[in-house]
Amino acid sequence: MGLVVSVNGEFFTKREDAKICVYDHGFLYGDGVFEGIRAYNGRVFRLDEHIERLFTSAKSIMLNIPKSQEEVKRLTVETARKTGFKDVYIRLVVSRGIGDLGLDPRKCSKPSIVIIADAIALYPKEKYEQGIKVVTCSTRRTRPDSLNCEIKSLNYLNNILAKIETIHYGADEGIMLNDSGYVTEATADNIFIYQKCKLVTPPAFIGILEGITRNTVIEIAKKIGNKVVEMPFSVHDIYGADECFLTGSGAELIPVIEIDARPIGDGKPGKHFKKLLEAYQELTRTTGTPLYENEK
Ligand code: PXG
């Protein structure tokens, strides 16, 4: 029982043994794509959606993954199963592969496929109960015509610069705007507000990663009777919102109680958030691709 890493189909159980060549363009240029996936209670949550997004990201950067979606799914499940864990964090990385010192991707003959399956480092429990504080970052999200945010690429410097600002301000997370000043997302999570009896989240065209958790929350919210709107909004709308929360595979749903030193609503996690978190956790516990025979 413990972490397992698959490097091009070979399995390792020690961090220090799982290695990639320094000439890999994933390391040299951030040239590649990835997914962050979770398994709960012996089931991989929304595996099909993650693999589909991985292949779409790869297609967009003209990276041909040398395996079918089914093969990648099988390898992902196999790697996660070898940990023996029921709750697993899975990091799936496909890089351009080993090449020359130069950008030219044609020099990289074979993409590298790495799957890390490890225990999950969760946000502290009190953050879910008390909520987090966020700030608006001055670093803007990349424009869709420079590096499209829909590509879950290995090039996360845009988000890391915003994260550095967040840390400097002493906040838990940072909100990033697009070049027109509309709210996009947090540094590694999508954002929702509850405002005037409806749940609002920015639409994909504003420049976000269309999160799988985000889409699941939209689905759940509609099912339990919420009105959901995908609509651009500004920081001013967050200041005046009744509730706000972030979503992502790592964080699940986490309540935001303060932004730029202004309390959101009554400054406590909201009732709509609590209902949605409950429904989300029920779904993650009970659905997904089984890792072990007895989970089927
Ligand atoms: N926006 C960005 C920029 C992200 O990186 C999300 C939104 C949420 O997407 P999902 O599909 O997860 O709902 C992400 C997700 C990590 C890690 O270890 C990062 C993400 C997800 C899981 C792990 O850094 N980012």
Quick check: is [Y] connected to [X] through a chain of hydrophobic side chains (ILVMFWY, heavy atoms under 4.5 Å apart)?
X      : Y      : value
Tyr280 : Phe245 : yes
Ile208 : Val217 : no
Val93  : Val5   : yes
Val44  : Ile51  : yes

Whether [X] side chain and [Y] backbone form a donor-acceptor pair below 3.5 Å:
X      : Y      : answer
Glu185 : Met176 : no
Asp118 : Tyr89  : no
Ser180 : Tyr182 : no
Glu258 : Ile132 : no
Asn155 : Gly30  : no
Asn215 : Ile212 : no
Asp31  : Gly26  : no
Asp266 : Lys268 : yes
Ser57  : Lys152 : yes
Thr166 : Ala162 : yes

Any chance the side chains of [X] and [Y] put a donor and an acceptor closer than 3.5 Å?
X      : Y      : value
Arg43  : Thr287 : no
Arg143 : Asn178 : no
Glu165 : Ser138 : yes
Asp242 : Gln195 : no

NZ/NE/NH1/NH2 to OD/OE distance under 4.0 Å, [X] and [Y]:
X      : Y      : result
Asp24  : Arg96  : no
Glu278 : Lys274 : no
Glu52  : Lys73  : no
Glu78  : Arg81  : no
Glu35  : Arg53  : yes

Heavy-atom pair with the smallest gap, counting every atom of [X] and [Y]:
X      : Y      : answer
Leu154 : Val33  : CG-N, 3.8 Å
Tyr292 : Gly84  : OH-C, 3.1 Å
Ile193 : Ala241 : CB-CB, 3.9 Å
Leu63  : Ser95  : CD1-C, 3.9 Å
Ala117 : Thr79  : CB-O, 3.9 Å
Ile238 : Cys244 : CG2-SG, 4.1 Å

Query raised in the report: Relative to the ring of Phe45, is the ring of Tyr40 parallel (under 30°), tilted (30 to 60°) or perpendicular (over 60°)?
Result: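 Perpendicular, since the angle between the ring planes exceeds 60°.
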What distance do [X] atom [atom1] and [Y] atom [atom2] have between them, rounded to the nearest 0.5 Å?
X      : Y      : atom1 : atom2 : answer
Asp100 : Lys107 : CG    : NZ    : 5.0 Å
Ile220 : Lys222 : CD1   : NZ    : 12.5 Å
Asn8   : Ser112 : CG    : OG    : 5.0 Å
Asn159 : Cys149 : CG    : SG    : 7.5 Å
Arg214 : Leu246 : CZ    : CG    : 13.5 Å
Ile65  : Ile113 : CD1   : CD1   : 6.5 Å

Whether over 12 other heavy atoms sit under 6.0 Å from [X] [atom1]:
X      : atom1 : result
Asn64  : CG    : no
Tyr123 : OH    : yes
Lys59  : NZ    : no
Tyr29  : OH    : yes
Lys133 : NZ    : no
Arg91  : CZ    : yes

Requested in this report: Dump the intermediate steps for side-chain contact (heavy atoms from CB on, under 4.5 Å) on Ile254 and Lys127, then the final yes or no.
Outcome: CA-CA 7 Å; Ile254 191 144; Lys127 295 283 181 194; 3.9 Å; yes
**Report entry** side-chain contact (heavy atoms from CB on, under 4.5 Å) assessment of Ile218 paired with Phe192
**Finding:** CA-CA 10 Å; Ile218 292 175; Phe192 284 81; 4.0 Å; yes
Report task. Please lay out, stage by stage, how Leu3 and Thr83 fare under the test side-chain contact (heavy atoms from CB on, under 4.5 Å). Result -> CA-CA 6 Å; Leu3 75 94; Thr83 63; 5.7 Å; no
Report task. Measure centre to centre between the rings of Phe34 and Tyr156, then say whether the value is under 6.0 Å. Result ->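 Aromatic pair counts; centres sit under 6.0 Å.
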Requested in this report: For residues Leu177 and Thr136, determine if any side-chain heavy atom of one lies less than 4.5 Å from a side-chain heavy atom of the other.
Outcome: yes
Query raised in the report: side-chain hydrogen bond (donor to acceptor under 3.5 Å, both in side chains) between Thr247 and Asp189: does it pass, once the steps are laid out?
Result: CA-CA 5 Å; Thr247 67; Asp189 293 298; over 6 Å; no
Report task. Apply side-chain hydrogen bond (donor to acceptor under 3.5 Å, both in side chains) to Arg46 and Thr216, showing your working. Result -> CA-CA 9 Å; Arg46 301 268 150 132; Thr216 305; 3.1 Å; yes
Query raised in the report: Under the 6.0 Å and 45° cation-pi test, does Lys82 pair with Phe11?
Result: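 Cation-pi check for Lys82 and Phe11: passes.
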Query raised in the report: Centre of Tyr239's six-membered ring, under 6.0 Å away, within 45 degrees of the axis: is that where NZ or CZ of Arg262 sits?
Result: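 Yes.
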Report task. Could you give me the CA-CA distance, side-chain angles and deciding distance for Lys67 and Leu75, then say whether side-chain contact (heavy atoms from CB on, under 4.5 Å) is met? Result -> CA-CA 10 Å; Lys67 283 186 185 298; Leu75 190 59; 4.1 Å; yes
Requested in this report: Take Thr187 and Glu173 through the test side-chain hydrogen bond (donor to acceptor under 3.5 Å, both in side chains) and record every step on the way to the result.
Outcome: CA-CA 7 Å; Thr187 63; Glu173 248 306 336; 2.9 Å; yes
